[in-house]
2 protein chains.
Amino acid sequence: MLSKKTKYGLKAIVYIARQECNTPVQIATIAESESISLKYLESILLTLRKSGFLGSKRGKGGGYYLLKNAKDIKVSSLMRILEGPIAMVPCVSLNFYEKCDDCPDENACAVHNLMLEVRDSTLHIFNNKSLADLIS
Amino acid sequence: MLSKKTKYGLKAIVYIARQECNTPVQIATIAESESISLKYLESILLTLRKSGFLGSKRGKGGGYYLLKNAKDIKVSSLMRILEGPIAMVPCVSLNFYEKCDDCPDENACAVHNLMLEVRDSTLHIFNNKSLADLIS
DNA sequence: CTATTTCCCTATCGGATTAGTAGGCTAATA
DNA sequence: TATTAGCCTACTAATCCGATAGGGAAATAG
């Protein structure tokens, strides 16, 4: 299940990406428009900024803006920052790999192989979609 | 993230499906072989029985056995019983649909459309895979 | 008939995570 | 100097998950 953090984060960055001329958008504007708790959204945008997706400007007329072209932001990288692993099981994760305690042989594990297939197909979607694709 | 319940449940039913002549398998046997807490596994197998996948036999020589041919048990139906919705977001779920509180227009929601695509590809895998496919 | 085996069922619990809140701080601008 | 708007840390309520406890009931063996 997708966390609200991810859902809110995606909606917010899509909102920001829709601005013309990359004008900074205030947190409060997004929060109101997307019905997201302001303080919670604040922390989400903070992590998106610390991850290098967004820049920020303080004081009057401030807000958040994209640091890169929307075409160059892959959905998969957004998902990894917001949600964490894309795989449903750590033992098939590329970026968050972890061995199972049980399961002596991964290749013989039915769950492993099934989830490997799911991860591939999901990743294929996320890797081939950019923020720009989400806007329209 | 896949819950342990699902992981254990899948491993267990795969174990049961591997038996020759559909001989009943005891909970304890599976628990030991797959390193699963016995009591926890007990409750998982109970739900699989109540959902019509497994039959049970009590007393000596008892245990769990498949009620249908492994070919006729789709992974998607197992997933729905064990894990719940296959979709990452309720608003794109076929069997567990729920409208978002926020989001006035689903078709205009970037997250909705993205997750719709993911659900389709995941479901495609789960629908076209049976328990028999997991065994080998 | 009795003992043993094995599944049946309900209740409970600790720990982790999530979503959200509070509140003060700091930089930029007017 | 006042105001605006993001920065940052800490805290909390609620929920869920994985696991545990413990007795009950049916089937079988002897």
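The shown structure was predicted, so the numbers you read here are calculated from the model rather than taken from an experiment. A, B, ... follow the sequence lines: proteins, then strands. Residue 1 opens every chain.
Annotation: side chain of Tyr64(A) is not in contact with side chain of Val25(A) (no heavy-atom distance under 4.5 Å). Side-chain contact check for Met79(B) versus Leu10(B): some heavy-atom pair is nearer than 4.5 Å. Two residues are said to be in side-chain contact when any heavy atoms from C-beta on lie closer than 4.5 Å; Phe53(B) and Ser77(B) meet this criterion. The closest side-chain heavy-atom distance from Leu134(B) to Leu114(A) is below 4.5 Å. You'll find the side chain of Leu78(B) reaches within 4.5 Å of the side chain of Leu48(B), heavy atoms only. Two residues are said to be in side-chain contact when any heavy atoms from C-beta on lie closer than 4.5 Å; Asp120(A) and His124(A) fail this criterion. Residues Pro90(B) and Met1(A) have side chains in contact (heavy-atom distance under 4.5 Å, counting atoms from C-beta outward). Considering only heavy atoms from C-beta on, Leu54(B) comes within 4.5 Å of Leu66(B) through its side chain.
Applying the side chain to side chain donor-acceptor pair (under 3.5 Å) rule to Glu32(B) yields no partners; only residues at least two apart in sequence or on another chain are considered. Not counting sequence neighbours, the partners of Glu42(B) by the salt bridge (charged side-chain N to carboxylate O under 4.0 Å, His left out) test are Lys39(B). Partners of Thr122(A) by side chain to side chain donor-acceptor pair (under 3.5 Å), not counting sequence neighbours: none found. Applying the salt bridge (charged side-chain N to carboxylate O under 4.0 Å, His left out) test to Glu34(B) and every residue at least two apart in sequence or in another chain returns Lys11(B). Applying the salt bridge (charged side-chain N to carboxylate O under 4.0 Å, His left out) rule to Lys129(A) yields the partners Glu117(B); only residues at least two apart in sequence or on another chain are considered.
Of all the residues in residues 84-102 of chain A, not one reaches under 4.0 Å from DNA chain D with any non-hydrogen atom. Residues from residues 17-39 of chain B that place a heavy atom under 4.0 Å from any atom of DNA chain D, listed by number: Ser37(B), Lys39(B).
Identified under the side-chain hydrogen bond (donor to acceptor under 3.5 Å, both in side chains) test for residues 88-101 of chain A, with sequence neighbours left out: Tyr97(A)-Glu106(A). Among residue pairs with one or both ends in residues 68-96 of chain B, none qualify as salt bridge (charged side-chain N to carboxylate O under 4.0 Å, His left out); sequence neighbours excluded.
If you take CG of Leu41(A) and C1' of dG20(C), they are 12 Å apart, rounded to a whole angstrom. The distance from atom NZ of Lys4(B) to atom P of dA16(C) is 13 Å, rounded to the nearest whole Å. Spacing between atom NZ of Lys7(A) and atom P of dT18(C) amounts to 16 Å, rounded to whole angstrom units. Rounded to whole angstrom, the span from the CG atom of Leu54(B) across to the C1' atom of dT6(C) amounts to 15 Å. Computed from coordinates, the Tyr65(B) OH to dT6(C) C1' distance equals 14 Å when rounded to whole Å. Separating the CG atom of Leu82(A) from the C1' atom of dA19(C) is a distance of 15 Å, rounded to the nearest angstrom. When the P atom of dC8(C) is taken as reference, atom CD1 of Ile44(B) falls 14 Å away, rounded to whole Å.
Take the nearest nucleotide of DNA chain C for Leu2(A) and for Glu42(A): the residue whose nucleotide is more 5' is Leu2(A).
Note on Lys50(A): only backbone sugar-phosphate atoms sit closer than 4.0 angstrom, heavy atoms only; bases stay farther off.
Partner of Leu123(A) under the side-chain contact (heavy atoms from CB on, under 4.5 Å) criterion, chosen from Asn128(A), Leu94(A), Val118(A): Leu94(A).
Overall bending of the helix from dC1(C)-dG30(D) to dA30(C)-dT1(D), expressed as the angle between end axes built from five pairs apiece, is 10° (10° steps).
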Under 3.5 Å, which protein N or O atoms sit close to an N or O of nucleotides 27-29 of chain C? Give each pair with its distance.
{"unit_1": "dA27(C)", "atom_1": "O4'", "unit_2": "Arg58(A)", "atom_2": "NE", "d": "3.4"}
{"unit_1": "dA27(C)", "atom_1": "O4'", "unit_2": "Arg58(A)", "atom_2": "NH2", "d": "3.2"}

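In summary, contact between chain A and DNA chain D, defined as any nucleotide atom under 4.0 Å from a heavy atom of the protein, begins and ends at dT4(D) to dC8(D) in the 5' to 3' direction.
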